[in-house]
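All ligand and atom numbering here is 1-based and tracks the order in the structure.
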Amino acid sequence: MTTIKPDLQSEIGRIPPELHSHFIEFLGSCIYGGLWVGEDSEIPNYHGLRKDAVDALKALEPPVIRWPGGCYADTYHWRDGIGPREKRPVTYNENFGTYEADSNQFGTHEFMELCRLVGARPWLNINLMSGTVAEMRDWMEYCNRKEGTTLSAERAQNGSKEPFRVELWGVGNEMWAGGGTSTPESYANEYRKYASAFPSFVSLDPADTDRPVMKRIASGPDGNKPLERVKWTKQFFQALGQFRQPPIDAMDLHFYNWNLDHGMHPETEFDEPEWDAVIHGCLELEEIIQEQAALIQEGLDQFPPQEGPEIFRGPRKTCDLVVGEWGNWHGGAFQNRPALYQQCTMRDAITTALTLDIFHRNCRLVRMACVAQTVNVLNSLILTEKDVCILTPNYDVFQMYKVHRNATALELKLEQADDKLYAFASRKDSQVYLNLVNTDMTREKEAVLELPGARCLSGSILASDDPHACNTADAPNRIRAKAAALPAQNGSRFQFTLPAASVHTYTFELSES
Ligand code: AHR
C-alpha cells in the first residue's frame, strides 16, 4: 500500500492559475456550432455565443483563452473578422480536414466578447505565414490603442470604444510545420522583425496606468520530436544571441499525447494495454518541460553581454516556458466528423489530471498551459450536439483541480509506491489539497496519507463503472464528479480506497499548532 507524506515545509512554488488555460480555433466544430451559433439561432445565446457553453466555461473561471490558432492563425487575416457580419468575406478553411467555408462571423469582437463573458484574458496568435508586420501592427493598434486614431475609431464604430487591452501575443504558431516549415534560424530572423515591431501603449501621464504591457510569445518546438525539439530551442536561442537581442517574454511548446499505434481506432474502444499506453504517453511531458526549461536558460545564458552606456542596456533577459497546446490525440479523431472531434472517457480524464499535476509540480518551470482544445476538438472539456451541451469528464477534472490555483506546490514522499497510483499536494494557508489518481484500469488501490494535526474537510471523486463510458447527448451525466466519502482517520493517518480508474481531490485543514 502506498504511503504519502507531504513535506509541509517544502515550497516548490506558487501554482499560476494560467496553467489551467484554454485553446480554441476554427477547426471542426470548436467555434461554429460549439461556441458560436449566431444571434438568430434557436439555441439560446449571448449575442450569438451559445449560452450553455459560455456558462459552463465561465464556471471554470478560465484564466486565458488562446485564439485564432493553431494552424488557422497561419493564414488568418484579422480584417476578415470585423465589421458588419453580413459584409464579412467568406473564406475557406482546410485545416485538419475541416473543409468548410468560413463565414468569419466569429472574429476579434466576438472573441473578446467570449473572453469578457467568461472572465478570461485573451491570447491572440498572429499570422506569420501569409500575414505581414504591418497587418500585425494594425491588429495590435485596433485592439489596444486608447488614443483617437483611425484604427481605434474603427474599433469604436464596430462596437468597442474601450480598447480590448490584449497583452499576450503569439508570434507565429508551430513555425516548424504549418507556420512556414521554418528552420530555427529562419524563424529567428522573422521573429526579430516581428518582435521588434510591436507597438507600445505606454502613456506619458503617470496617472494613466491602465495600459497593456505587451508580451511576446515565440513559437517553440514540436514536443513530440525528441531530437528536433532540442535542436529547435538550442538553435533558435543561438540565432537570437547573434548581435542585438529582440525582446522575448515566453516560448510556446506544443505536445500532443499521440495514440496512433492502432491506426484510426475509435477512441472509446481499447483494451488494458491500449489504456496503459495512453496513460504512459502523457507522462513524457514532464521530462520535456524540464529539458526545454533548461534549454531556454542555457540559451539566455549564452547571450553576449550588452555594450554601451548602462542607461541603454535592458534588464537581464528572462523567458517563460508555456505549453500553448496539449492533450490526447487519438487516431480515431482523423476520421471523425466534425474534424478532430473526440469523445472523452475516464482514460482522457486521467491523462488530463496527470498532465495538470505535471504542470503543478513543475510550476517553477512552466508559466501557462492551454488545453487543446476546449470545445469539440481533441481533448475537449465541452462537446455540443445541436442544442445539447455535454460536459466531458475532463471538464470535471478542471473543476476539481481549481483549488490548486495560487496554492504552493509541495514535495511528496511516497513509500512502497504503487506504480499506477499518482499523487500531488499543494497548500494554501491552513489548507492542504491532495490529488490521488488511480490509473489502473481494472484494480482498486489502497493508499495512506500521513498528515499530522490535520482533519479532512471534503473530497470529490470522478470515476465510472465502465472505463469505456463517456457522456453523450442521451446520457450527458453518465460520468460526473461526486462528493467522496471522507477517508478513515487514525491519528495522523488517513486511509483511502480508490476504485479502478479514478481521480480524487481532498481538502484538509491543519490545526494551528
Ligand atoms: O489543435 C489542433 C492543431 O494541432 C493546431 O491547429 C495546430 O497548432 C496543432 O498542430
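- Evaluation of the side-chain contact (heavy atoms from CB on, under 4.5 Å) rule for K58 yields V118 as partners, not counting sequence neighbours.
- Residues satisfying the salt bridge (charged side-chain N to carboxylate O under 4.0 Å, His left out) test with K402, not counting sequence neighbours, are E61.
- Side-chain atoms of R88 come within 3.5 Å of backbone N or O of Q105 as a donor-acceptor pair.
- A centroid separation of less than 6.0 Å is found between the aromatic rings of H468 and F270.
- Within the structure, ring pair (Phe, Tyr, Trp, His ring centres under 6.0 Å) contacts touching residues 330-369 (residues at least two apart or in different chains) are H20-H360, W326-F359, W329-F334, H360-Y401, H360-H404, H360-F424.
- Protein residues having at least one heavy atom under 4.0 Å from any atom of ligand 1 are F23, E25, L27, G70, C71, F96, N173, E174, Y256, E325, W329, Q373, L378, listed by chain and number.
- Separation of the W36 and F111 ring centroids does not fall under the 6.0 Å cut-off.
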